[in-house]
Amino acid sequence: MMQLGLDGMPPRLFACTPSRLTTWQDCPRRYRFTYLDRPAPPRGPAWAHTTVGAVAHLALARWWDLPLERRTGPAARALLDRAWQTDGFQDDAQAHRWKGYAGDMVERYADGLDPTQDPVGVERTAAFRTAVLAVSGRVDRVDRRGDELVVVDYKTGRSELTTDDARGSLALALYALACERTLRRDCTRVELHHLPTGKVLAWDHTQQSLQRHVGRAEVVASEVRAATEELATGGSAQELFPPRPSSRCGWCDFARQCPEGLAASGGVKKPWAGLAQERTGPDPD
Ligand code: SF4
């Protein structure tokens, strides 16, 4: 039976993307900076590794718009070249080197795709509701394999991934449920496609494991809602949205506004520093 709020009305749903929920889990202060403070605090400059990720995603999305006979590896590289940006790079020479690296990456990946297997969705928005949440998000690619759908998420960072990354990802689990509800077909498999290595890290959820993720998401939503409501009635931003400093703070867009984060990370990273990270850098997408 649906629970009613104090005023006898059904409680409002907490509308969110998976990224909104994971931002709170990572750092409540960053959540406040990103979603609540208006005007929002200034962010740092663009990251070069984010540029690489964004352009690779765009090229692979547009690849499926090409006529079947033009869906080749070199065509993916050409799409990347056309969409290339230089935001965050140290200089033109570095940007040029990385254009080549990213071109190799998408060409190799597209060469391994079956161009006849059109996905059910590319950059597909999907959504679902629970008694607490209204979740929506955009999925890189939704494949159909047999009678089931598969969530495909591209990763372009150089950090190695494991199956645990696919299994434990709240975002991927919520995407699977969103695809199932929006596209009305079973969807329990989630896959991380790591473009630099070509590895696919997959996990087959059960309905129980998906529901466990929903339970986590609902807990996060209630924490966020409680903190936000208390802030609106005069609560302390510092106490309700505490910083969660770690060595990763050097990659935070708001590190310049956050003394605790700066102290923990030894300073803000250069915008191109993520390009050289082998294992400890941020995920660009
Ligand atoms: S620098 Fe670190 S502690 Fe500060 S807001 Fe960013 S993630 Fe949170």
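As the structure lists them, so they are numbered: ligands from 1, and atoms in each ligand from 1.
Counting heavy-atom neighbours within 6.0 Å of Arg225 CZ, excluding the residue itself, gives a total above 12.
Across every non-hydrogen atom of Pro245 and Ala264, the tightest pair is CB-CB, 3.6 Å.
In this structure, the ring pair (Phe, Tyr, Trp, His ring centres under 6.0 Å) partners of Trp47, at least two apart in sequence or on a different chain, are His49, Trp251.
For a distance threshold of 2.8 Å, the protein N, O or S atoms nearer than that to atom 6 (Fe) of ligand 1, listed by chain and number, are Cys252 SG.
Test Arg212, His205, Gln207 against Ser209 for side chain to side chain donor-acceptor pair (under 3.5 Å) and you get one pass: His205.
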Criterion side-chain hydrogen bond (donor to acceptor under 3.5 Å, both in side chains) on Gln117 and Arg144, from CA distance to verdict:
CA-CA 9 Å; Gln117 295 294 311; Arg144 180 166 172 184; over 6 Å; no
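Salt-bridge annotation for Asp111 and Arg108: absent, with no side-chain N of the basic residue lying under 4.0 Å from a carboxylate O of the acidic one.
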